[in-house]
Amino acid sequence: MGGEEAVTKSRFLTGSLAGILLKDMKTRPAGIGNVNADWMGSLPSKLSAMPLKYLAVPGSHDSFTFWVDVHAPVGPDQKAYVKYLVTMFSVLAKKVMVKWSMTQNLTFREQLDAGIRYFDLRVSSKPGEPGSEIYFIHGLFGHKVRDGLLEINSFIGRHKKEVVFLDFNHYYAMDAEHHVYLIHMLQQVFGSKLCSDCAVENITLNFLWEKKYQINECQVIPAASDTAEKELEVIVFYHHPSAQGIPVMWPGNKIPAPWANTTEPNKLIQFLETTLKERNKQGSFHVTQAILTPTVNTVAKGLVWGLRDYLVERNLPVIMSWVQTQRPGKDGVNIITSDFVELTDFANIVIKLNNLLLSESECKPR
């Protein structure tokens with residue numbers, strides 16, 4: 001990065017730090033209840049017999065960012081100019097990062113209670129830290145991955161018919177040893193709840209509930225200490241060659257998630273409609289990322305306010321209006337993700353889209 005660019009970004013930060021001290025961050029809400037805690041298990045039989053790729057499933061973007069550690073080093077996922085600003089302004093700069101790194105307010109448990117079933121996960125080791133511990137990351141380090149997985153496992157242990165998608169799609173500062181550690185952790189925590197990779201068209205809620213492992217070469221590999229009968233409740237996508245050949249790690253190409261990379265809601269909607277038309281007809285789920293992405297200029301202009309106040313809240317009505325007009329099914333939406341899922345009735349809106357399938361005759365169980 002050039003010196004002039006660094007100075008310019010430093011001036012933006014200097015001019016706004018005083019304002020940040022005067023403007024308190026909004027506190028994390030207590031949650032939005034558990035009315036959708038068992039929504040999958042409550043679906044009509046016609047829907048539970050449909051491939052999951054045809055159902056509308058609510059998900060969260062950067063799902064783990066409800067807490068980040070301002071006392072830890074800046075993450076290895078950040079660009080050089082961000083690290084430069086942090087060395088210049090220390091904790092104050094990290095408070096700015098918190099405002100722009102956090103995309104969720106609800107914990108994993110609260111998101112699950114609200115109906116979220118897809119989690120977008122980015123992970124990293126801490127460079128210089130001994131051992132192989134893995135953390136969630138988005139600019140700043142979050143909780144240990146193991147803690148998040150245990151929280152999810154606790155929920156699905158109480159809600160036997162709920163199925164969760166875990167999409168590990170970004171990895172930072174991780175060598176082969178770290179990947180072995182993480183994959184083993186996933187198998188250790190979830191055990192026989194993990195669904196093995198197989199034809200996407202065969203994955204229905206009924207199939208997962210009834211544990212028909214032999215059908216279409218789907219298998220389950222129980223953990224050594226996990227002998228109790230369990231439904232298949234967890235589908236893990238692992239976007240890295242380290243997971244090749246491990247049956248319970250699904251490849252990333254089975255869950256494409258096209259990214260609009262725009263700050264403008266109209267451009268986002270145009271992109272989402274285009275990518276839905278191009279959605280794979282066979283062999284994969286599909287993630288519709290109904291999110292806006294800030295640029296450096298966006299952050300500079302809205303430094304004091306942060307992602308939620310400056311970009312998300314003002315544009316959510318337009319985005320959610322589009323979501324409400326969508327249809328799931330053969331050529332429609334599948335998984336839809338959002339920032340700050342509690343700001344609107346997001347999960348409920350997405351779940352209710354499935355009612356449209358009840359009157360359709362062309363999308364039959366396969």
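Heads up: numbering here begins at 1 and tracks the sequence. Remember, it's a predicted structure, so these values are computed and weren't measured experimentally.
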Min side-chain heavy-atom separation M320-I349 under 4.5 Å: yes
Which is it for R308 and Q104 under the side chain to side chain donor-acceptor pair (under 3.5 Å) test, yes or no, and what are the steps along the way? CA-CA 9 Å; R308 172 175 168 161; Q104 303 298 333; over 6 Å; no
Got I255 and W250 here, is their nearest side-chain heavy-atom distance under 4.5 Å? no
Nearest atoms (heavy-atom pairs only) where L47 meets L358: CG-CD2, 3.7 Å
Among L106, I291, N105, exactly one meets side-chain contact (heavy atoms from CB on, under 4.5 Å) together with F340. Which residue is that? N105
So does E129 have more than 12 non-hydrogen atoms from other groups sitting under 6.0 Å from CD? yes
Could you state whether W100 and W67 fall into the same hydrophobic cluster, counting links through intermediate Ile, Leu, Val, Met, Phe, Trp or Tyr residues with side-chain heavy atoms under 4.5 angstrom apart? yes
Is it possible for you to check whether R314 lies under 6.0 Å from the centre of the six-membered ring of Y310, through NZ or CZ, and within 45° of that ring's axis? yes
Are side-chain heavy atoms of H286 and I335 found at a separation under 4.5 Å? no
Under the ring pair (Phe, Tyr, Trp, His ring centres under 6.0 Å) rule, what pairs show up with a residue in residues 253-284, not counting sequence neighbours? none
Please evaluate residues T298 and T295 with respect to the criterion side chain to side chain donor-acceptor pair (under 3.5 Å), reporting the C-alpha separation (whole Å), side-chain torsions for both, the decisive distance (0.1 Å), and the verdict. CA-CA 5 Å; T298 309; T295 63; 2.8 Å; yes
Side chains of I134 and K144 in contact at under 4.5 Å (non-hydrogen atoms): no
Within this structure, what is the NE2-OG distance for the pair H178 and S124, rounded to the nearest 0.5 Å? 8.0 Å
Is there a salt bridge (charged side-chain N to carboxylate O under 4.0 Å, His left out) between D197 and K254? Walk through the geometry before answering. CA-CA 9 Å; D197 176 23; K254 286 197 172 182; 2.6 Å; yes
Is the cationic atom of K126 (NZ for Lys, CZ for Arg) positioned less than 6.0 Å from the six-membered ring centroid of F141 and within 45 degrees of its normal? yes
Aromatic ring proximity, centroids under 6.0 angstrom, Y135 and F64: no
Is there a donor-acceptor contact under 3.5 Å linking the side chains of Y118 and Q111? no
Determine whether more than 12 heavy atoms belonging to other residues, nucleotides or ligands lie under 6.0 Å from atom CD of Q324. yes
Does some side-chain heavy atom of V57 sit less than 4.5 Å from a side-chain heavy atom of I336? no
Any sub-3.5 Å donor-acceptor pair from Q326's side-chain atoms to G332's backbone N or O? no
Compute the ring centroids of F285 and F165, then answer whether they are less than 6.0 Å apart. yes
Cation over ring, R109 on F155, under 6.0 Å and within 45°? no
Could you measure the distance from the CD1 atom of I116 to the CD atom of E162? Nearest 0.5 Å is fine. 12.0 Å
Sole candidate of R279, K281, K277 that passes salt bridge (charged side-chain N to carboxylate O under 4.0 Å, His left out) when paired with D331: K281
Near-ring test F66/F108, centroid separation under 6.0 angstrom: yes
Classify the ring geometry of Y238 against Y171: parallel below 30°, tilted from 30° to 60°, perpendicular beyond 60°. tilted
Any side-chain heavy-atom pair of T107 and E151 under 4.5 Å: yes
Within one Ile-Leu-Val-Met-Phe-Trp-Tyr cluster: I183 and V180, side-chain cutoff 4.5 Å: no
Which is it for D167 and H239 under the side chain to side chain donor-acceptor pair (under 3.5 Å) test, yes or no, and what are the steps along the way? CA-CA 8 Å; D167 191 358; H239 299 238; 2.6 Å; yes
Sequence neighbours excluded, which residues qualify as side-chain hydrogen bond (donor to acceptor under 3.5 Å, both in side chains) partners of T65? T103
Is it the case that D120 and N169 place a side-chain donor and acceptor less than 3.5 Å from each other? yes
L205 and F207, any side-chain heavy atoms less than 4.5 Å apart: no
